[in-house]
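Have a look at the structure below, then the notes.
We count ligands from 1, going down the list as the structure has it; atoms in each ligand are counted the same way.
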Amino acid sequence: MDRKKFLTLSSLGLSSLPLFSFAASAGTKPIVISTWESGMGVNGAAWEVLSKPGGRALDAVEAGAVHIENEISCCVGLGGYPDRDGIVTLDACIMDEHANCGAVAGIEQIKHPISVARKVMEKTPHVILVGNGAQQFAIENGFPKEPAELSEDAKKAYAEWLKKSEYKPVINIENKKQNGPFAPNFFEDGSPNHDTMGLVAMDANNNLSGAVTTSGMAFKLHGRVGDSPIIGAGLFVDNEVGAATSSGLGEEVIRICGTHLVVEFMRQGYSPEAACKKACERIVNRDRAKAKTLQVGFVALNKKGEYGAYSIQSGFVFSVKSGKENRVYQSKFILKNDGTVK
Ligand code: ASP
């Protein structure tokens with residue numbers, strides 16, 4: 001999705017979306033849940049797999065991630081915004097119902113990091129490959145090396161960012177004041193900075209899987225890795241309990257092992273929404289002043305096919321596709337736009 005379309009959808013359309021309430025989540029399978037409104041297309045690609053007899057959640061989440069990696073987006077794939085040195089580096093991970101998992105971090109010039117992550121999972125004894133090693137492994141496994149060119153959109157955004165070269169991964173409260181509480185989370189220079197694609201699915205055989213793919217935070221330090229490719233931070237799947245994924249300021253998610261925490265709360269009996277809320281509270285309660293400046297959102301799916309989400313600030317949305325529905329919901333959130341607790 002290009003940036004203009006992203007902005008239009010995000011600032012004008014989202015406030016009219018239904019606010020998710022747990023009652024909506026009756027529990028069904030197969031089902032796929034993705035972060036953000038771009039999750040609608042992602043879910044569609046995943047559904048092609050899930051709706052076929054024997055369709056496996058693992059194949060579905062990979063297909064969903066491949067779909068968004070093929071789009072030009074600010075925040076996923078080779079068209080994404082670069083780091084502060086002007087280089088696009090991608091992070092991805094995947095996890096299946098047997099706790100098999102694979103990830104790549106900081107990989108360059110490879111179009112489908114999610115499929116490389118799956119190869120790491122299936123063909124090596126390791127979980128994570130990074131940087132040049134990840135790229136070398138990808139090439140050895142038949143993934144073509146793509147040109148290092150930035151997308152037109154990314155070129156413009158990078159040129160704009162270079163004027164000040166300020167590294168400020170904070171949300172712009174003014175943007176929310178001007179464009180309403182559902183305006184997306186922007187850097188102070190106006191560029192969107194959080195839009196990782198994370199998705200979790202359960203297939204007709206009751207098996208869960210998840211995938212995450214991202215270009216990470218725009219204009220990050222070269223070599224920075226966020227939560228997205230870290231199992232237990234950006235993604236966690238426990239086939240007995242449920243699965244969760246995240247988007248937002250990855251450092252904060254890593255600090256609490258966010259998605260592992262969400263799944264453990266579900267193991268204790270919390271609903272997916274309550275589990276996501278408790279993980280957000282863990283971040284907010286540690287440092288309220290800091291929490292006002294950042295966004296984190298979680299989505300979760302349990303073994304009954306119930307799902308939910310929660311975020312720290314307003315503006316986090318997620319997409320759901322099952323035999324019963326195909327829609328985007330706003331997630332509930334903890335902090336009001338003035339930073340006080342709702
Ligand atoms: N979680 C991602 C990261 O920290 C950012 C995002 O959600 O867009 O890299």
Mark up the atoms of ligand 1 that fall under 4.0 Å of a heavy atom belonging to [X], in ascending order.
| X | answer |
| --- | --- |
| Met217 | 9 (O) |
| Ser247 | 6 (C), 7 (O) |
| Gly216 | 9 (O) |
| Gly250 | 4 (O) |

Using the salt bridge (Lys or Arg N to Asp or Glu O under 4.0 Å) criterion, which residues pair with Asp203? Sequence neighbours excluded. none
Leu90 and Ile110, any side-chain heavy atoms less than 4.5 Å apart: no
Can Cys75 be said to touch ligand 1, with heavy atoms closer than 4.0 Å? no
Residues Arg255, Glu252: salt bridge by 4.0 Å N-O rule: yes
Mind checking whether Arg224 contacts ligand 1 via backbone (N, CA, C, O), side chain (CB onward), both or neither, at a 4.0 Å heavy-atom cut-off? side chain
Check Ser228 against ligand 1 and report side chain, backbone, both or neither, counting heavy atoms closer than 4.0 Å. side chain
Closer than 3.5 angstrom, by distance alone: can the side chain of Ser319 be matched with the main-chain N or O of Arg327 as a donor-acceptor pair? no
For atom 1 (N) of ligand 1, tell me which residue out of Thr214, Leu249, Asp227, Ile230 has the closest non-hydrogen atom. Asp227
Going by side-chain contact (heavy atoms from CB on, under 4.5 Å), Val116 matches just one of Val104, Asn141, Leu129. Which one? Val104
Qualifying residues under ring pair (Phe, Tyr, Trp, His ring centres under 6.0 Å), relative to Tyr270, sequence neighbours excluded: Phe265
